[in-house]
Amino acid sequence: MTENVKLSSEVVYDVKDLNLWYGKDQALRNINMQILKNRVTAIIGPSGCGKSTFIKTLNRMIENIPVVRTTGEINYHGTDIFDKSVRLEELRTRVGMVFQKPNPFPKSIYENVLYGPKIHGIKDKKILSEILETSLKAAALWDEVKDRLDDNAYGLSGGQQQRLCIARCLAVQPDVILMDEPTSALDPIATSKIEDLIETLKNQYSIVIVTHSMQQAARISDKTAFFLMGEMIEYDDTNIIFTSPRDKRTEDYVTGRFG
Amino acid sequence: MTENVKLSSEVVYDVKDLNLWYGKDQALRNINMQILKNRVTAIIGPSGCGKSTFIKTLNRMIENIPVVRTTGEINYHGTDIFDKSVRLEELRTRVGMVFQKPNPFPKSIYENVLYGPKIHGIKDKKILSEILETSLKAAALWDEVKDRLDDNAYGLSGGQQQRLCIARCLAVQPDVILMDEPTSALDPIATSKIEDLIETLKNQYSIVIVTHSMQQAARISDKTAFFLMGEMIEYDDTNIIFTSPRDKRTEDYVTGRFG
Amino acid sequence: GNSSESEGTQEEVTSEASELSGQVIVDGSGTVYPLMANIAENYMTNVQPGVSVQVGRAGSSAGFKKFIPGELDFADASRAIKDEEKAQLEEKGMKLGENVLEFKLALDGLTMVINKENTWAKEMTKDEIVKMYLSGSYNAEDVVKWSDIRADWPAEEIKFYGPNENHGTFEFFFEKILDEQDMVKTANLQQEYSTLVDLVSNDKNAIAFFGYGYYASNQDKLQAVHVDFGNGPVEPTLETIGEDLPYAGFTRPVFTYLNADYAKERPQVLDYAKFVVSKDGAAKLAGDNGFAPLPDSVYAEYQAQLEKLSQ
Amino acid sequence: MGSMPNVREMIQLNISKNKNTSDKIMPKFLFVTASISILTTVGIILTLVIDAAKFFSSVPLAEVFSTNLSPLGANPSFGILPLINGTIFTTLIAMLVAIPFGLSSAIYLSQFASESKRKILKPMMEVLAGIPTIVYGFFAYSFVTPLLMKIIPSLEAKNVISPGIVMGIMIIPLVASLSEDAMNAVPESMKEGALGLGSTRLEVAFKVVIPAAISGIMASFVLGISRAIGETMIVAIASGSSKAFTFDITRSMQTMTAYIVEFTSGDAGSGTVGYYSLYAVGLLLFLFTLIMNLLAQYISKKYREEY
Amino acid sequence: MNLDVQIKNTAPLKNNLTLKTNPDNKGFEINMKKMKHRIALDKVSKFIFSLSTLVSLVVLGILIYRISVQSIGWLDMDFLTSNLSIFPEKAGIKGAILGTLYLMSIVIPVVCILGVSTAIYLEEYANKGKIQSFIKVNISNLASVPSVIFGLLGLAVFGRIFSLGSSILAGGLTMSLLVLPVVVVASQEALRAVPGYLREASYAMGASKWTTTWKVVLPVAVPGILTGVILSVSRAIGETAPLVVLGVPTLIMKLPTSIMDDFTAMPIQIYYWTLDTVLTKEYANLAAATIVVLLLVLFIMNFTAILIRNKFQRKF
Ligand SMILES: Nc1ncnc2c1ncn2[C@@H]1O[C@H](COP(=O)(O)OP(=O)(O)OP(=O)(O)O)[C@@H](O)[C@H]1O
Ligand SMILES: Nc1ncnc2c1ncn2[C@@H]1O[C@H](COP(=O)(O)OP(=O)(O)OP(=O)(O)O)[C@@H](O)[C@H]1O
Ligand SMILES: [Mg+2]
Ligand SMILES: [Mg+2]
Ligand SMILES: O=P([O-])([O-])[O-]
């Protein structure tokens with residue numbers, strides 16, 4: 001199967017020799033990794049190993065922290081995202097992000113979903129309402145909220161909020177969706193809904209998900225990368241990582257011997 | 001061993017039909033439980049089950065939260081601690097408490113340990129320095145700090161700070177020591193030091209410890225109570241709880257099937 | 001306020017009866033203030049509702065300091081303009097009698113006030129008053145006791161008060177009564193007349209001097225010293241204040257100075273000036289504010305001067 | 001998702017068309033406005049310094065630091081010590097009122113009061129803090145002074161006790177709320193630690209909370225002092241304008257602020273030494289309050305609790 | 001299980017008896033006399049502290065009571081709608097109210113534009129470096145510069161250099177500068193209270209900085225900013241010293257018609273009437289009546305601010 005994936009898959013991200021420092025502290029060391037199209041890629045590793053740092057580098061959100069410095073390349077569909085010609089706005093509409101804590105805007109559900117299309121200049125009411133419905137349906141939220149689209153998003157439960165954030169992200173039809181522990185603030189039922197959702201979304205989107213639940217990684221991902229202290233120790237098909245990892249440290253981690 | 005304990009033990013706390021509400025939310029339901037002298041009693045259970053609430057009720061610290069309301073009795077050596085005649089200050093001198101996060105005062109080590117004796121009016125320098133040494137020795141901290149008693153307590157490591165808090169608590173020679181996850185903020189080495197300390201302390205004190213580490217409960221306690229959603233599901237000798245619990249839910253919990 | 005120059009554009013110089021507008025800015029003597037404010041209000045309510053007369057009471061000297069650079073239309077004063085002030089005017093090309101007109105408004109009686117509970121100093125000679133206020137009369141520290149003045153008076157320290165040097169009243173007292181000799185060092189000089197009234201009305205041993213008007217408004221709190229100018233003690237009243245009347249020794253005229261250039265440029269200033277010296281102005285209102293009016297002939301003379309300006 | 005329009009393309013088109021005008025202009029506009037705000041400081045310092053310089057160039061320093069203040073006389077003299085003296089006394093009296101009552105209120109509110117009492121008391125204190133100083137001035141003049149004169153017969157109608165006390169009352173909410181903030185910033189765990197050892201609330205307050213919050217509390221005192229130094233209308237109304245250099249608080253004194261008010265309402269004719277003396281006093285006042293504020297910031301930073 | 005345990009210590013509860021510990025635990029001997037002492041001291045001091053808290057509130061009560069009583073008979077419709085006069089029965093504060101309103105018409109826009117944009121610049125745009133913290137220190141210092149100094153600034157800059165005299169414009173600009181720092185600080189706090197994750201969410205949607213600020217940050221911060229603006233404007237309404245320094249005239253009967261006119265305002269009127277009680281005692285009542293009006297206006301504004309603050313308290 002490993003062979004298979006490699007051959008048939010298109011590369012979305014090609015990360016080359018990525019290093020990253022917070023001031024003087026190096027948080028990522030020499031990461032080399034290819035992220036594949038229409039696959040769910042899980043990033044696992046103990047706390048502080050650089051998972052969030054890495055995923056935030058993929059849409060350059062990390063640059064909001066002023067002390068950050070990077071070297072290396074991240075090629076997104078062949079273009080280095082660090083290149084001067086790359087417009088952040090464009091990169092980030094193509095690469096959506098879902099955060100650990102649901103972070104809807106304190107606006108109506110309607111305004112939340114359509115935030116992206118609106119700021120990017122879509123004004124046509126008909127198009128907007130189409131986007132609204134499609135995105136909410138795709139995020140498996142439509143039925144629950146269709147009668148209260150004008151309510152404030154903060155009236156929703158945590159799990160619904162997180163799906164709303166996913167809908168908001170889908171509304172601009174991204175190419176990749178980055179998720180940083182999207183279920184860690186949710187209860188088990190909400191978690192399983194989101195996991196199901198990820199399952200269906202991967203047909204259309206490439207998904208990178210950080211998780212600290214190995215069960216979750218095993219359940220939903222196709223590929224898994226194991227990070228440790230800023231290094232990518234191992235990256236392979238998920239079943240290989242969880243059944244026969246090549247590296248002793250990966251094995252220790254996935255069998256619960258540390259972390 | 002079970003027999004043994006049962007027969008020789010004296011009751012320190014006899015809790016009868018204890019109910020507790022935070023405003024309208026009931027956090028403890030009908031707790032009945034006897035806490036025995038010179039034993040380590042562990043309280044385990046999933047997050048939010050009421051462990052902290054319960055242990056804080058034993059010295060009425062819970063009443064710092066204005067919305068709290070209780071019914072039932074907690075007999076401490078035969079006196080209901082909710083009785084009007086009971087002086088909070090006295091109860092809390094008899095029943096010491098160690099918290100999750102080490103909370104020394106921003107004063108010298110010396111002042112921290114002697115805080116209790118001093119507020120109780122002990123002024124004699126000789127007695128004070130005896131108390132200081134005995135308490136620090138009992139808390140296994142004497143050797144590490146004897147040359148820097150005048151240093152600020154915040155210069156100590158987390159584990160040392162926690163032992164300092166234990167020493168501070170021992171300085172008034174309490175009868176019972178309540179500990180709410182005393183090691184959860186500490187690294188493994190500091191944790192094991194505190195566990196050893198608890199082992200030696202139980203000869204002289206009755207100890208109630210909340211922990212979310214089942215291993216820890218199994219290692220150090222004589223009796224274990226399992227709480228779930230405000231109820232005490234099961235209370236028995238520790239080895240029974242961990243090897244042959246009577247309740248299915250206890251079994252599920254101690255074998256890691258949920259939580 | 002100093003925007004007098006910026007005004008005066010919208011004048012329609014027609015007949016007397018025309019509706020005037022614009023500002024008139026008056027500042028200066030605090031003694032004159034109640035009278036001038038009264039005149040101004042009468043003018044605005046009864047004569048020219050469109051004109052805004054603003055009255056301040058910074059003190060006579062302060063008034064001249066603003067008048068000389070042209071910030072005011074009128075400067076009220078409880079003393080005549082000083083030579084040095086005239087000189088400063090001349091530096092600006094303004095001459096008294098031509099560019100600046102002096103009007104006496106009324107007569108004021110400088111009143112020595114004491115506390116209601118003071119039972120001894122109700123009558124004093126002018127010399128006693130002068131001596132007690134002079135520095136060094138009794139001792140170098142100027143700590144003066146009532147008993148220093150008359151042996152049978154209490155041996156308690158006198159508290160001297162008065163308006164500060166901003167005020168024409170101070171200067172009148174200092175120049176005309178004390179003959180420019182140093183005043184006692186212990187004198188407590190204040191900016192606001194209200195402060196003086198409060199201080200004296202609450203201190204048995206206090207004495208202060210100011211215009212009759214401020215005393216007249218506060219007769220329930222203060223009593224006036226009856227001054228003996230040689231012919232027996234005289235109580236200051238509207239009947240005794242006057243140049244030929246018994247209180248003449250402490251009587252002084254109060255003035256207002258008009259910037260005649262402004263009056264020529266801006267009809268409302270001229271019109272107001274005419275009102276001030278008319279029979280409905282100072283002459284009629286002086287008594288209400290504790291001043292004795294001047295003879296009608298004086299006001300008539302001023303009217304004539306103003307008529308000349310309007311030609 | 002057949003009906004879904006190709007949003008991705010539409011957006012891409014818009015992004016490439018968008019010239020980001022507001023993104024380019026707004027930061028510049030904001031920078032300009034921010035600069036104006038900041039230039040105010042510079043403006044204040046400049047006006048004060050320029051006019052104060054004119055004052056100092058025409059008045060010898062020995063005279064400035066003398067006790068002889070008679071700015072309006074025939075031979076004006078500009079000794080500033082009486083004003084500093086008056087300022088110190090009113091401030092001292094104010095703080096004698098504000099510190100004990102402010103601190104007590106803070107202790108009560110943060111350590112003893114029930115939540116429901118706090119909810120009533122705090123807003124009422126805020127009301128007290130929001131009353132204009134002219135109202136306090138009127139109150140001092142028409143109520144407190146007459147009352148005090150009944151208690152202290154030798155009190156003069158204009159004195160520094162009455163405005164000092166009223167100023168102190170005005171500053172109570174400031175001291176109380178800043179001290180309370182500092183006390184509330186002491187971690188709950190530390191208070192619990194003390195309570196768990198059998199301390200009374202009072203012991204928690206004095207042995208644990210206040211020592212831990214001492215820097216914040218001191219800073220609140222210093223800010224209170226700064227406020228007292230700068231307070232104007234209360235003293236302008238209730239303490240008179242005597243320029244005598246005296247230590248007798250039953251008598252009238254003049255503060256730096258009241259001097260400015262007296263002088264401008266009396267004699268603000270521009271270009272005179274007296275006019276420039278306003279700016280010299282203003283500069284001094286500015287420096288005093290600045291030093292107090294910096295001191296407050298320094299204290300709360302330097303002794304920032306180590307917990 | 002309960003049956004198995006021997007309960008030795010079942011001493012009956014007695015009032016005022018100390019807690020029993022285990023008999024064979026030597027224990028720490030609590031000094032009961034001291035304990036009673038401590039508890040008594042605690043109670044007494046709680047009482048004292050609560051009393052001292054009440055002191056300031058009692059003063060507030062007396063102040064409001066005294067002034068209200070004094071204003072009775074003077075505060076009526078006529079008082080609010082008449083022009084100024086030297087005769088107490090005729091005098092009204094229409095001009096003063098109008099003057100205060102005119103002042104606000106300058107202070108509010110100036111402060112909103114300058115203050116809020118300064119706060120946005122400092123919070124959202126400026127590098128969080130040394131200069132930023134210098135500016136921050138500067139602004140917080142500016143906030144506690146005595147108001148009388150702003151009066152001197154206004155006199156020198158607006159009054160003399162720009163020749164605005166003591167017009168409404170000069171007064172309004174002076175007041176604006178006075179409360180500007182307060183608005184900046186309050187707005188900065190409101191902006192800082194906007195959680196970072198909302199900004200992140202917006203950036204992650206490809207929004208630019210300004211879009212994020214305008215569409216996400218500002219709407220959330222507006223209640224806080226508004227509260228700050230209201231509070232600072234109410235401070236400006238009550239300020240007296242800067243206007244005195246600026247030289248607002250003692251008697252001005254004419255109503256202002258433009259921002260270039262001279263004016264009087266409520267606090268100024270209170271000041272002059274207080275001074276002039278020696279001329280006419282009833283002026284004190286006029287001052288009291290004006291104070292009641294002023295305080296009412298301020299209470300309403302503060303109340304509004306509190307309402308806004310409570311209503312829009314963060315829901316997230
Ligand atoms: N803003 C920052 N400034 C400095 N160092 C940072 C910053 N954010 C993270 N770090 C450091 O970078 C390293 C990696 O952090 P990161 O948040 O990426 O870890 P993580 O794998 O996501 O951990 P977790 O599972 O706890 O979320 C850590 O050592 C962390 O301390
Ligand atoms: N101050 C409070 N006000 C209202 N509810 C509270 C408060 N503290 C705790 N609770 C609620 O009471 C229940 C029991 O909480 P408690 O802190 O005792 O749980 P716990 O077992 O100690 O959990 P953990 O393992 O997370 O510490 C929880 O549902 C919690 O939400
Ligand atoms: Mg992370
Ligand atoms: Mg807990
Ligand atoms: O205020 P004066 O009349 O004394 O100048």
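Fair warning: this is a prediction, and the values are worked out from it, not measured in the lab. Note: hydrogens, waters and symmetry copies are ignored here, and every other heavy atom, side chains too, is used. Quick note on labels: first sequence line is chain A, next is B, and so on, each numbered from 1.
Nearest heavy atom pair, residue D:S226 against residue E:S144, reads OG-O, 4.2 Å. Heavy atoms only, all atoms of each residue included: D:M125 and E:L57 are closest at N-CD2, 4.1 Å. Contact between E:A287 and D:F138 at its shortest, heavy atoms only, is CB-CE1, 3.6 Å. Residues D:Y108 and E:S50 come closest through the heavy atom pair CE1-CB, 3.2 Å. Nearest heavy atom pair, residue E:S117 against residue D:T33, reads CB-OG1, 3.2 Å. Of all heavy-atom pairs spanning D:F112 and E:S45, the tightest one is CZ-OG, 4.5 Å.
The structure places OG of E:S56 at 9.0 Å from CG of D:L121, a figure rounded to the nearest 0.5 Å. If you take CD1 on D:I169 and CG on E:L60, they are separated by 10.5 Å, rounding to the nearest 0.5 Å.
Contacts between D:L223 and chain E at a heavy-atom distance below 4.5 Å are absent for every atom of the residue. Contact of D:Y259 with chain E is not made at all, since no heavy-atom distance falls under 4.5 Å. Looking at E:L114, the atoms closer than 4.5 Å to chain D (heavy atoms on both sides) sit in the backbone and in the side chain alike. For a residue to count as touching a neighbouring chain, one of its non-hydrogen atoms must lie under 4.5 Å from one of that chain's; by this rule E:I48 does not touch chain D. Interface residue D:F29: only side-chain heavy atoms are found under 4.5 Å from chain E. Both the backbone and the side chain of E:L63 come within contact range of chain D, each with at least one heavy atom under 4.5 Å from a heavy atom of that chain.
Applying side-chain contact (heavy atoms from CB on, under 4.5 Å) to D:N293 and the options E:V145, E:N141, E:L142 leaves one that passes, E:N141.
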- Task: Could you go through the side chain to side chain contact (heavy atoms under 4.5 Å, CB included) check for D:L30 and E:W210 one step at a time?
- Result: CA-CA 11 Å; D:L30 295 172; E:W210 174 246; 4.2 Å; yes
- Pair D:F139-E:I62, side chain to side chain contact (heavy atoms under 4.5 Å, CB included): steps then yes or no: CA-CA 10 Å; D:F139 184 66; E:I62 295 175; 4.1 Å; yes
- Run the numbers on D:E203 and E:R38 for side chain to side chain contact (heavy atoms under 4.5 Å, CB included), then give the verdict. CA-CA 9 Å; D:E203 286 156 357; E:R38 289 167 52 210; 2.6 Å; yes
- Stepwise side chain to side chain contact (heavy atoms under 4.5 Å, CB included) test for D:T200 and E:L41: CA-CA 9 Å; D:T200 62; E:L41 191 64; over 6 Å; no
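Ring geometry for D:F31 versus E:Y121: interplanar angle over 60°, hence perpendicular rather than tilted (30 to 60°).
Formation of a donor-acceptor pair under 3.5 Å by the E:D42 side chain with backbone atoms of D:L202 is found in this model.
Qualifying side-chain hydrogen bond (donor to acceptor under 3.5 Å, both in side chains) partners for E:S187, counting only residues two or more places apart in sequence or in other chains: none.
When the candidates D:P132, D:A205, D:A176 are compared by the number of heavy-atom contacts under 4.5 Å with chain E, D:P132 comes out ahead. The greatest number of non-hydrogen atom pairs below 4.5 Å with chain E, out of D:V166, D:V127, D:V32, D:V97, is found for D:V127. Per-residue heavy-atom pair counts under 4.5 Å with chain E were compared for D:L103, D:T133, D:I50, D:T47, and the maximum is reached by D:T47.
At least one side-chain heavy atom of D:I260 sits under 4.5 Å from a side-chain heavy atom of E:L152. Between D:I134 and E:M266, every side-chain heavy-atom pair lies at or beyond the 4.5 Å cut-off.
Residues of residues 140-147 of chain D lying under 4.5 angstrom from chain E, judged on non-hydrogen atoms, are D:Y141, D:S142, D:F143 in numerical order.
Applying the 6.0 Å contact sphere to NZ of E:K34 captures more than 12 heavy atoms from other residues, nucleotides or ligands.
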